[in-house]
Amino acid sequence: MLDERWSPEARELAEALRGLLNTRCTSGVVREAEADELGQSEELSRHLDDFGLWELPAEPELLAVAAFELGRVLAPVPFVEATSVRAVLGVSGVGYAFDGHAMASLPRMAVRSDAGVEIAPTAGARRRASTGEVLVSVGAAVGEQAGSLRDADRIWRLARLLDAARLAGAAHGALELGTAYAKVRHQFGEPIGAFQAVAHQLVDAKVSADGAELVVRKAAWQAGAGGGDGAPDAVLATIARAKSVAAARQVATVVHQVMGGYGFAVEEDCQLFSRRIRGWSMRLGRVGPDLAELGRTLTDPARRASVRHLWHNERGIQLPRWAIEAAEAESMR
Amino acid sequence: MELIPDGGERAARDLARKLADEVDWQRMCELREETRELAVEREALTFYRALAEAGAIGLGWPKPWGEGLGATEMFSFHEELEALGMPGYGLTQNEGIGSMLLRSASPAMIEEHLPGIRDGTRRYVQGLSEPDAGSDLLAVRTRALREGEEYVINGEKLWTSSAQIADYISTLVVTDPEAKRGRGLTVLLVPTSSPGLDIKPVWLMGGWHVNSCHFDDVRVPVTARVGEENDGWRVLARRLDDERAMSFGGNEARLLLARLIDLVGRGAVVLDDGQLEELGGLVVDAEADRLHYLRVAAMSARGEDTSGVAPLNKLSGSLLAQRVAQFVVDATAPESCYGDGASPLAADAEEALRVTTVLTIMGGTSEVQRNTAAVRGLGLPRSR
């Protein structure tokens with residue numbers, strides 16, 4: 001039966017991880033990480049190590065749901081950055097660095113090469129990102145050949161899924177914060193959530209945040225149970241990231257508006273969410289070129305035919321008989 | 001997670017495909033002509049008869065009335081039918097009212113009405129809104145006075161869709177004007193042939209007309225009552241939940257996008273880089289919208305409460321449909337300046353731009369959906 005929920009194993013993992021994070025990844029931990037030399041929480045990393053996070057089986061639903069839960073509490077650990085390379089090449093401690101920067105906290109990084117993927121020591125100028133993390137700008141790294149072009153492609157697609165999952169999680173975390181505030185903050189003698197001008201923005205944000213979570217789930221499903229190679233196809237990888245970026249940005253804007261001056265204050269947690277949402281949204285580059293490529297893929301009949309699981313289609317995009325006949329007549333004109 | 005239809009879902013979907021496969025372009029033009037002549041929204045009686053002959057009406061009702069299909073099977077059937085552009089509005093309306101009867105009506109009433117819906121010989125519509133009761137549906141004023149074994153109805157219903165081809169109007173009336181808001185309402189099935197019922201067209205820019213229905217001492221027997229007297233709001237509440245579980249434009253939006261994508265592939269329409277990026281963005285939102293729609297069905301099938309998420313589905317689909325219509329109108333300009341059908345896609349896009357205008361209004365405005373979602377989905381206090 002059609003079922004939009006994470007698999008039972010993924011739900012079990014999510015529940016256990018959420019339980020751990022609720023006590024071990026408070027906003028205080030996130031704030032401390034911002035003062036850390038590498039922008040990370042070593043202590044949280046150790047707790048997650050005990051939990052088994054760094055050895056999760058490379059099943060896409062497990063990886064994606066973990067990224068979602070970590071994103072929901074802004075966990076300052078390099079799970080998303082390290083996991084796409086580990087899942088495809090089986091090596092740990094290697095950060096994804098296809099887009100010009102790597103996590104300083106990971107000893108090695110994976111870069112693209114003409115032959116596929118190379119792994120090199122993480123080296124270069126360190127810069128603290130607006131998210132509080134410390135990144136390394138990747139120049140012309142020279143490393144050892146570690147994977148084929150096909151591996152590079154898989155890493156690229158899985159990185160997009162995990163990035164999307166983290167953003168969708170952060171969107172939900174921020175929305176929970178803003179919704180909770182709207183219930184307790186009183187003005188004009190009422191909780192502000194009773195004003196439509198406030199409530200309706202939060203609902204619109206929820207439409208987007210839920211949409212993002214749903215496309216992330218579908219992309220994760222396709223990567224595994226849906227006959228994928230451990231990563232979603234490029235089309236669903238793009239869809240998941242594009243939707244998550246847009247949704248997370250919308251949520252951040254709305255929650256700031258709802259929380260007013262308090263949300264703008266550093267001592268409140270709202271800024272922790274919005275700064276990360278805005279920073280993470282740019283980490284893999286602007287979404288626009290991916291969307292244009294999606295448009296080109298679909299409008300090319302040969303490429304469109306091999307697209308899997310778009311909308312209600314199993315393969316390609318099916319048109320009704322009448323519409324094909326109408327199009328044939330129209331294109332003859 | 002399972003996102004590929006199983007055996008039952010596939011069978012339901014394939015039934016829709018089979019029905020749609022019988023419709024070639026010429027037949028579709030005939031169906032559209034019929035829709036225009038009837039002046040209804042997305043409905044053609046010859047297609048409705050084809051649905052009935054295929055046993056495709058009321059599949060979700062329990063046996064012996066229907067086939068007992070589950071919510072995800074019904075989702076697969078309706079989604080496919082709409083995504084293939086079939087005129088299915090009457091089907092969802094009639095099935096919805098049939099489901100309401102199965103939940104709330106007496107066995108005798110079910111016995112009287114369900115077979116006629118199932119075999120396509122009787123058609124039912126909803127009479128809810130009034131001139132001064134739109135979003136505030138509880139403000140309805142149409143009165144039904146009990147006189148012995150009859151109700152005598154006086155008042156006016158407005159925006160009544162398809163009443164011109166209906167046999168019955170499921171009418172929300174006030175039976176206890178002294179009761180608290182929502183407590184004194186009752187649902188009556190009123191035959192459109194009733195003396196004193198005057199049905200007048202109200203033409204809409206979508207190209208069809210709805211109706212204003214004037215009730216002037218219209219008499220129906222008490223057996224025309226659905227459920228208990230003064231229990232109409234409860235009878236209706238699930239019906240309104242069902243409406244939000246429908247696709248409200250998303251299926252049609254995907255078809256319009258798919259047709260544009262196909263024409264670009266044929267070289268008949270050219271998109272620049274900016275439009276390709278915009279197309280990609282709409283494809284993304286269409287995917288998310290479709291999953292909102294699927295989620296409501298899957299939750300229903302599991303017996304979960306959908307009142308917090310079904311409004312999100314309606315909000316998402318109606319807005320997407322408007323954006324897609326505007327995009328395809330732009331992409332097919334200047335042909336889309338004309339609705340004369342010289343370019344079928346451009347003409348359909350032009351029509352969609354008019355039709356989708358009402359999707360954020362009918363079936364509960366976006367504002368009402370947001371109010372419901374705020375309370376049921378986000379747990380916020382009730383707002384005004």
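Letters A, B, ... are given to chains in the order of the sequence lines, protein chains preceding strands, and every chain is numbered from 1. Because the structure is a prediction, the values reported are computed rather than measured.
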Side chains of [X] and [Y]: closer than 4.5 Å at any heavy-atom pair?
X        : Y        : answer
B:Leu291 : A:Glu4   : no
B:Trp25  : A:Ile324 : no
B:Ser76  : A:Leu2   : yes
A:Thr299 : B:Leu279 : yes
A:Leu319 : B:Leu255 : yes
B:Glu73  : A:Met1   : no
A:Glu61  : B:Met1   : yes

Do you know which of [options] has the most heavy-atom pairs under 4.5 Å to chain A?
options                               : result
B:Leu345, B:Asp273, B:Ile4            : B:Ile4
B:Thr72, B:Leu271, B:Leu3, B:Leu260   : B:Leu3
B:Glu79, B:Met28, B:Arg254            : B:Arg254
B:Ala298, B:Ala268, B:Pro381          : B:Pro381
B:Val375, B:Val283, B:Asp21           : B:Val283
B:Arg302, B:Arg17, B:Arg295, B:Glu367 : B:Arg302

Given heavy-atom pairs under 4.5 angstrom as the criterion, report whether the side chain, backbone, both or neither of [X] touches chain A.
X        : answer
B:Leu263 : side chain
B:Leu294 : side chain
B:Arg290 : side chain
B:Arg27  : neither

I'd like to verify something: which residue of [options] has the highest number of heavy-atom pairs under 4.5 Å with chain B?
options                                : result
A:Leu294, A:Asp3, A:Val207             : A:Asp3
A:Asp210, A:Leu298, A:Ile317, A:Leu202 : A:Asp210
A:Glu213, A:Glu176, A:Arg296           : A:Arg296
A:Glu293, A:Gln318, A:His309, A:Arg286 : A:Arg286
A:Ala247, A:Ala240, A:Gly288           : A:Gly288
A:Val287, A:Asp204, A:Thr238           : A:Asp204

>> Is the positively charged end of B:Arg32 above the ring of A:Trp322, judged by distance under 6.0 angstrom from the centroid and angle within 45° of the axis?
In response: yes
>> Determine whether B:Gln369 and A:Val203 satisfy the following criterion, side chain to side chain contact (heavy atoms under 4.5 Å, CB included), listing intermediate values before the conclusion.
In response: CA-CA 9 Å; B:Gln369 305 299 333; A:Val203 169; over 6 Å; no
> For residues B:Asn251 and A:His312, is any side-chain donor paired with an opposing acceptor at under 3.5 Å?
Replying inline: no
>> Are more than 12 heavy atoms, taken from residues, nucleotides or ligands other than A:Glu15, located less than 6.0 Å from that residue's CD atom?
In response: no
> Is the count of non-hydrogen atoms from other residues, nucleotides or ligands lying under 6.0 Å from A:Glu314 atom CD greater than 12?
Replying inline: yes
Where is the tightest heavy-atom contact between [X] and [Y], given as atom of each residue plus distance?
X        : Y        : result
B:Ile261 : A:Trp311 : CD1-CH2, 4.5 Å
A:Leu214 : B:His292 : CD1-N, 3.9 Å
B:Gly377 : A:Lys206 : O-CE, 4.1 Å
A:Ala199 : B:Ala374 : CB-CB, 3.9 Å
A:Ala182 : B:Leu380 : CB-CD2, 3.9 Å
B:Ser383 : A:Ala194 : CB-O, 2.8 Å

Heavy-atom proximity to chain B below 4.5 Å, by part of [X]:
X        : result
A:Asp290 : neither
A:Arg11  : neither
A:Ala326 : both

So does [X] pair up with [Y], basic N to acidic O under 4.0 Å?
X        : Y        : result
A:Lys218 : B:Glu287 : yes
B:Arg259 : A:Glu330 : no
A:Arg5   : B:Glu2   : no

> Counting distance only, does the side-chain N/O of A:Lys183 pair as donor-acceptor with the main-chain N or O of B:Leu378 below 3.5 Å?
Replying inline: yes
>> I need the single residue from B:Val23, B:Leu84, B:Asp24 that forms a side chain to side chain contact (heavy atoms under 4.5 Å, CB included) with A:Arg321. Which is it?
In response: B:Asp24
>> At under 4.5 Å between heavy atoms, what parts of residues 310-320 of chain B are in contact with chain A? List them by residue number.
In response: B:Leu312, B:Leu315, B:Ser316
